[in-house]
Amino acid sequence: MLAGAIFALSLTGLPVYGQSSSASSSSSPASSVAVTSVAASSGASAVSSGATSSAAVSSSNTEATALTFSLTVTNPTAVPLASITANETSLPTIPLPSTATPGATNTFISGAPALPNPTSIVSSNYPTMDKVPPTDSDEVQQWIAEVAASGITIPNITQTVLGGCPANAEAAADTSRCWWSCTGCVRDTDVQECPTKLTWGLTYDDGPSFYTPNLLTYLTANELHATFFCVGSRGVQFPATLQEEFMAGHQVAVHTWSHPYLTTLTNEQIIAELGWTKKIMKDVTGVTPNMMRPPYGDIDDRVRNISIAMGLTPVMWTRMNATATFDTDDFDVHGGLASSYGVLNNWENIITHANEIDTGFIVLEHDLFEETVQLATGYILPSAMNQSFDIKPVISCLNKPMSDAYIETNDNSTNPPAASGAVTLSSGAPGSASATGAASNSNSNSGVGLKVSGTSTAFTLSGIFALVALFL
């Protein structure tokens with residue numbers, strides 16, 4: 001894909017977001033340091049997803065043609081791995097396992113409001129899908145005013161340009177901005193792991209899509225629940241699916257309106273991206289999420305503090321150290337930049353590391369494409385259920401009730417907004433002293449404490465990570 005492209009339309013009518021990091025190793029000669037999936041930690045070069053901030057590496061693992069381990073369990077109806085490719089013939093989609101009735105209430109959340117009627121969602125009432133919304137609308141102007149009145153300082157950090165760390169060497173070397181993409185830096189407000197060992201905070205990004213019903217059917221059949229980080233434009237396109245996610249006991253959270261690299265946008269554009277996504281999700285479900293995941297993991301203190309000022313806690317995925325994250329790279333199969341074998345090799349390495357660390361974990365996966373759902377339901381989830389993992393949504397893995405995931409139902413006693421400065425995390429949770437073994441340090445860019453994440457390897461934030469290649 002061309003560098004700087006935000007998305008393109010696939011044959012299925014779904015957007016193909018961003019650039020795959022797997023291509024950046026060839027297109028970006030500056031990428032001498034790679035941030036990879038955990039496969040790199042066990043000696044295999046692995047690539048991270050096109051929807052992550054991880055860098056490309058050798059294609060030896062991502063385009064693997066065989067597994068490096070023996071499968072012990074699969075879904076009996078799984079599509080053969082050799083058939084899960086970018087060129088596969090799409091199978092018929094299936095209907096939603098159930099359809100919520102307008103006016104019904106969510107039985108998983110005490111005090112949930114009545115469910116809106118999805119037929120009331122009219123696309124003309126929202127910005128153009130899959131484009132950064134304009135900032136001069138009455139809605140956005142109101143949200144801008146609310147951020148200004150929040151009491152949260154938005155640091156004066158310059159926007160980045162498309163091209164990731166190599167194209168933004170000065171920004172990447174500036175550790176005070178806490179740019180997760182280039183340094184792995186997180187703040188006390190960020191969620192990156194689950195506090196309890198062997199607990200998996202199950203997440204899926206970029207939907208709802210044509211194939212989300214397939215995933216929901218499998219999750220329901222196996223009594224599993226997940227966190228769905230939803231793109232606002234997809235909520236307009238698939239409101240009934242978003243409702244089903246919510247009503248079935250899954251957590252739904254914000255993943256922006258058009259899936260841009262947030263650090264490249266102005267403050268006002270970031271507010272528009274988050275605000276419209278919050279609005280469509282409330283219009284569809286009746287509640288407003290209070291968690292968000294930045295597309296591509298692209299977050300710094302400017303993006304972070306805007307999110308917090310808008311009542312949204314950032315949720316990342318587990319990073320072992322400066323060069324390894326828990327990313328299956330499932331996103332890149334659809335574009336032909338990774339193979340299904342490579343994804344499962346990555347997953348096997350994630351399993352290995354998940355059993356070694358002292359906390360739980362969060363993995364990056366997607367429900368946007370047929371291939372990603374086939375890999376999840378056919379292989380990854382059956383494998384996970386064969387382990388000792390306790391699989392649950394992010395809010396649940398933080399030992400909080402589902403009601404704490406939404407602004408209208410959160411009573412703030414166990415999950416106060418991050419903006420209050422009184423965030424409560426269970427012992428060992430991301431942001432607690434027991435999670436990092438180090439105190440937070442303040443800096444001029446943010447009132448939120450700096451911590452260097454890593455459960456097995458502490459790493460130094462230095463200028464060398466300016467060379468990390470994250471995007472095409």
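FYI, side chains are in, hydrogens and waters are out, and symmetry mates aren't considered; it's all heavy atoms of this structure.
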Please report the C-alpha distance between Trp200 and Trp347 in whole Å, then the side-chain angles of each, then the deciding distance to 0.1 Å, and finally whether the ring pair (Phe, Tyr, Trp, His ring centres under 6.0 Å) criterion is met.
CA-CA 13 Å; Trp200 178 13; Trp347 167 245; 5.1 Å; yes
Side chains of Pro239 and Val284 in contact at under 4.5 Å (non-hydrogen atoms):
yes
Test side chain to side chain donor-acceptor pair (under 3.5 Å) applied to Ser258 and Asp130, step by step
CA-CA 4 Å; Ser258 67; Asp130 303 308; over 6 Å; no
If you round to the nearest 0.5 Å, how far is CG of Asp174 from OG1 of Thr183?
9.5 Å
Please say which of Leu215, Val373, Val363, Thr372 ends up in a side-chain contact (heavy atoms from CB on, under 4.5 Å) with Tyr204.
Leu215
Residues that Asn267 engages under side chain to side chain donor-acceptor pair (under 3.5 Å), provided they are two or more places apart:
Arg302
Show the numbers, then the answer: is there a side chain to side chain donor-acceptor pair (under 3.5 Å) between Trp180 and Asp298?
CA-CA 7 Å; Trp180 191 85; Asp298 188 34; over 6 Å; no
Under the salt bridge (Lys or Arg N to Asp or Glu O under 4.0 Å) test, residues paired with Glu356 that sit two or more places apart
none
Distance (rounded to the nearest 0.5 Å) between Ile357 CD1 and His353 NE2:
9.5 Å
Gln159: which residues meet the side chain to side chain donor-acceptor pair (under 3.5 Å) condition with it, sequence neighbours left out?
none
Look at the side chain of Lys278 and the backbone N and O of Met310, then say whether any donor-acceptor pair between them is shorter than 3.5 Å.
yes
Results of side chain to side chain donor-acceptor pair (under 3.5 Å) for Asn222 - residues two or more places apart only
none
Please enumerate all residues that pass salt bridge (Lys or Arg N to Asp or Glu O under 4.0 Å) together with Lys197, with sequence neighbours excluded.
none
Residue among Thr409, Val254, Ile407 satisfying side-chain contact (heavy atoms from CB on, under 4.5 Å) with Thr288
Ile407
Sequence neighbours excluded - salt bridge (charged side-chain N to carboxylate O under 4.0 Å, His left out) pairs with any residue from residues 137-146
none
Can you tell me how far the CG atom of Asp329 sits from the CG atom of Leu364, to the nearest 0.5 Å?
9.0 Å
Using 4.0 Å as the upper bound for N to carboxylate O, is an ion pair formed by Asp206 and Arg293?
no
Which residues pass the side chain to side chain donor-acceptor pair (under 3.5 Å) test with Asp411, sequence neighbours left out?
Ser413
Donor-acceptor contact below 3.5 Å, side chain Thr318 vs main chain Ile362:
yes
Output the distance between atom CG (Asp327) and atom CD1 (Ile350), rounded to the nearest 0.5 Å.
7.0 Å
Side chain to side chain contact (heavy atoms under 4.5 Å, CB included) involving Lys279 - partner list, sequence neighbours excluded:
Tyr126, Trp143, Trp276, Asp283
State, without any angle test, whether Asp330 and His366 hold a side-chain donor-acceptor pair at a distance under 3.5 Å.
yes
With sequence neighbours left out, write down each residue that passes side chain to side chain contact (heavy atoms under 4.5 Å, CB included) with Thr264, or none if nothing qualifies.
Thr160, Leu162, Tyr261
Give, for atom OG1 of Thr277 and atom NE2 of His259, the distance between the pair rounded to the nearest 0.5 Å.
11.0 Å
Ser307 pairs by side-chain contact (heavy atoms from CB on, under 4.5 Å) with which of Leu274, Ile152, Thr313?
Leu274
The side chain to side chain contact (heavy atoms under 4.5 Å, CB included) partners of Thr212 (sequence neighbours excluded) come to Pro208, Ser209, Leu216, Phe228, Thr241, Glu245, Asp367
Go through the structure and list residues passing side chain to side chain contact (heavy atoms under 4.5 Å, CB included) with Asn355, not counting sequence neighbours.
Leu198, Ile351, Gln387, Phe389
Interatomic distance, Ile395 atom CD1 to Lys392 atom NZ [nearest 0.5 angstrom]
11.5 Å
Would you say Thr227's side chain and Pro393's backbone share a donor-acceptor pair under 3.5 angstrom?
no
